Protein chains: 2
Amino acid sequence: MVTIREIAQKTGYSTSTISRVLNHHPYVSAEKRAKILQVMAELDYRPNQLAQNLSRGASRNIGVIIPYVDNPFFEKMTNGIMARAFEFGYKVTLLPTNYNKQVELAYLEEFSAKAYDGLIITSKANPLKTILAYEKYGPLIFCEYVAEANVPCAYLDRSAALLQAFSYFKDHHCHQIGITVGRSEQISPSTQLTLKIAQQELPHFKLTHVVRDCTTEQDGQQAAKYFQQQPEINGILANGDEIAAGIIEGYSAKKPPLIVSQDNLLIGKFLHFSSIDQHPEQCGQQAFDLFKQGRQNKVMIPHKFIARS
Amino acid sequence: MVTIREIAQKTGYSTSTISRVLNHHPYVSAEKRAKILQVMAELDYRPNQLAQNLSRGASRNIGVIIPYVDNPFFEKMTNGIMARAFEFGYKVTLLPTNYNKQVELAYLEEFSAKAYDGLIITSKANPLKTILAYEKYGPLIFCEYVAEANVPCAYLDRSAALLQAFSYFKDHHCHQIGITVGRSEQISPSTQLTLKIAQQELPHFKLTHVVRDCTTEQDGQQAAKYFQQQPEINGILANGDEIAAGIIEGYSAKKPPLIVSQDNLLIGKFLHFSSIDQHPEQCGQQAFDLFKQGRQNKVMIPHKFIARS
DNA sequence: TTGTAGGCGTTATCAG
DNA sequence: CTGATAACGCCTACAA
């Protein structure tokens, strides 16, 4: 492997000078620069990034903790992060947890070992306190609301989105709604919020009308079976468009009640259900910007309700 | 920052011994190991991965060159790669090119600078020769067929899939088919193959029935408008399910002809068009395995035709 | 402008 | 089993 030292020998200049042309520093005579570049080309010299990383103490690489890699919502979010990262010459490493605490902890340990210059957390498996303990090792940015001061986060205005969804239901005279959620309210703040607002806005809402652990189309089908056994249900809030599609399938013969979902994928357009676009790409972009600028703000991302009925 | 040397000082042992317990080497007395671990915990010592990377000459990180991050086909492929990488403790960095040659070259340069232990190329912007020039810097694995011996690749049996699609058309008496493709046949081997086989299998096929540069639902709608002006067209081969959906939209009032698409997404089930599942996840998994095992085989991934009509 | 020398933190070799 | 010591390849004061 050709090193900076060999270039120094062949050219007769010092390693410092070589390093300077490598880093586009000023204060190198045009003549020397030219010769050095020439010798570099001749020997096919490649600066070793691993060495550069150690020397600089950074790798221009950020980690992104996500629950699932094949989930439309998080895919959009990571796409937003990656788009910005690309602009600024950063590399992105996706860190899927499947909401496994141990796996997430392993990533946090890597982070503390300087594997990433920063860590964006789109959704967490461990309690906030556990994660914040790693703040001392470098910048941590969240893609959900975190109340603690000085903790940067870009977050979706879930409350506003839910309020709009529920008022849509009310406008259509749907007061008994079924809800599908991902993780149960015990561990997911987002589910917690959903149910809290449902109870506030819809006095007739019952917790027995909640189907938990829905992440796929199949889960949606199962949920539909359950909902059909509750004839009073006249509206459904789904936690994703693929699940909503499954619900419609599950109703098969029967006409399903009014459905509102939350991904705004193409399929919603064809199956004619309403959807909330939470703009996860924007959230990802903002999260990266917060990292890049080293700010500790909290940035809210507005949602958009797509009514179809 | 606490280093291995500080641990050595506080414990009175040598850095070698510290390094040994760090790497779970044998030949360290239980007593010393215990004391070292204790001091490490006290000082909250973190091994620095950047230093380890330099010392080992590797980073357990692989790069994956993809054209787009938000394309279902390549998302599935990268999911397959990531699943395997995760199992073996590798990190994955996604490298989107948008088929820009310069961007792709920049990634190859990074690779030659040891930024990645290996590079998986799911689809390339530059000519094969250009890319193979970087083989000397480390393992290069392709996710498409590469004829050159000793170049490892996991590839989809595109020919077989296309043959089945065309015989499906013939079975349904569709001999005048329209085709949408991504990149034009001049630059995409896959498009080239598609058109070649179309000409072989369907004597009535005309190149004027090809719509190029289709990547989105909107492109599909546009294509549909064009196809409707050619009343003789009685079958359509789409290059993706979202495009197929767009085509169906584009036909709006009119009933669209028999459609076969190529992603097998959920939407195909609802819009009732046939689709070829090329199993891109499997392709990604195999590609990673080829990297991991350092083999130079060529692995074919079988497809599956999902008939709906 | 340029060069010298030390440092980044860890691993590996090789004696003992 | 253990410990010096030399890599790994680059960057950067500091001095000239």
Side-chain angles (χ1 to χ4, degrees), chain A residues 1-37 39-40 43-61 89 109-117 137-138, chain B residues 1-37 39-40 43-61 89 109-117 137-138:
Chain A
M1 177 181 291
V2 184
T3 74
I4 213 178
R5 264 186 272 272
E6 290 183 48
I7 306 291
Q9 290 198 333
K10 304 277 177 189
T11 56
Y13 306 131
S14 74
T15 57
S16 324
T17 306
I18 314 297
S19 175
R20 287 196 188 96
V21 334
L22 225 48
N23 295 283
H24 307 290
H25 274 291
Y27 306 143
V28 180
S29 76
E31 176 203 1
K32 296 195 178 179
R33 179 186 308 277
K35 170 127 191 226
I36 289 172
L37 287 174
V39 173
M40 280 182 174
L43 301 189
D44 189 33
Y45 165 76
R46 310 275 151 170
N48 183 320
Q49 279 200 7
L50 302 179
Q52 292 180 321
N53 291 346
L54 173 59
S55 199
R56 295 183 178 135
S59 56
R60 292 187 84 74
N61 183 15
E109 285 294 310
E110 286 193 315
F111 175 59
S112 76
K114 294 209 162 303
Y116 314 109
D117 292 354
Y137 302 110
Chain B
M1 174 181 294
V2 185
T3 72
I4 213 177
R5 266 186 270 272
E6 290 183 47
I7 305 290
Q9 291 197 334
K10 305 276 178 190
T11 57
Y13 307 131
S14 72
T15 57
S16 319
T17 306
I18 315 295
S19 175
R20 286 194 189 98
V21 333
L22 224 50
N23 294 283
H24 306 291
H25 274 293
Y27 306 144
V28 181
S29 77
E31 176 203 2
K32 295 195 180 180
R33 179 187 307 276
K35 168 128 193 220
I36 289 172
L37 287 173
V39 173
M40 280 181 174
L43 300 189
D44 190 33
Y45 165 75
R46 309 276 152 170
N48 184 319
Q49 278 200 8
L50 302 179
Q52 293 180 319
N53 290 347
L54 172 59
S55 199
R56 297 186 177 132
S59 56
R60 291 187 82 73
N61 183 15
E109 285 294 310
E110 286 192 315
F111 174 61
S112 75
K114 293 207 163 302
Y116 314 109
D117 292 354
Y137 301 111

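So you know, we letter chains A, B, ... as the sequences are listed, proteins then strands, and number each from 1. Remember, it's a predicted structure, so these values are computed and weren't measured experimentally.
- Remark: A:T17 is not in phosphate contact with C:dT2, judged by side-chain N or O atoms under 4.0 Å from OP1 or OP2.
- At a non-hydrogen distance threshold of 4.0 Å, A:S19, A:L22, A:N23 from residues 19-31 of chain A come into contact with DNA chain D.
- Residue B:R5 is classed as a base contact, given a heavy-atom separation below 4.0 Å to a base.
- A sub-4.0 Å separation between OP1 or OP2 of C:dT4 and a side-chain N or O of A:Y13 is absent.
- No side-chain N or O of A:S16 forms a donor-acceptor pair with one of A:S19 less than 3.5 Å apart.
- D:dA4 atom P lies 11 Å from atom CD1 of B:I18, rounded to whole Å.
- A:Q52 and A:P47 get closest at one heavy-atom pair: NE2-CB, 3.7 Å.
- OP1 and OP2 of C:dC8 both lie 4.0 Å or more from every side-chain N or O belonging to A:S55.
- Atom CG in A:L50 sits about 19 Å away from atom P in C:dC8, given to the nearest Å.
- Looking at heavy-atom distances under 4.0 Å, B:R33 makes no contact with the nucleic acid at all.
- Side chain A:S16 to base C:dT4: a donor-acceptor pair is found below 3.5 Å.
- With sequence neighbours left out, B:Y137 forms a ring pair (Phe, Tyr, Trp, His ring centres under 6.0 Å) with B:Y134.
- OP1 or OP2 of C:dT2 sits under 4.0 Å from a side-chain N or O of A:K32.
- To the nearest 0.5 Å, the span separating CD on A:E6 from OG1 on A:T15 amounts to 13.0 Å.
- Counting only distance, with no hydrogens or angles, the side chain of B:D117 and the backbone of B:R60 share a donor-acceptor pair below 3.5 Å.
- Straight-line distance from the CG atom of B:N48 to the C1' atom of D:dC8: 13 Å, rounded to whole Å.
- Regarding contacts with the backbone of C:dG9, every side-chain N or O of B:Q52 stays at 4.0 angstrom or more from both OP1 and OP2.
- The nearest heavy atom of DNA chain D to B:A51 and to B:T15 marks one nucleotide each, and the one closer to the 5' end goes with B:T15.
- Closest contact between the side chain of B:S14 and the listed nucleotides D:dA4, C:dT10, D:dG9 involves D:dA4.
- Atom C1' of nucleotide D:dT12 and atom CD1 of A:I4 are separated by 11 Å, given to the nearest angstrom.
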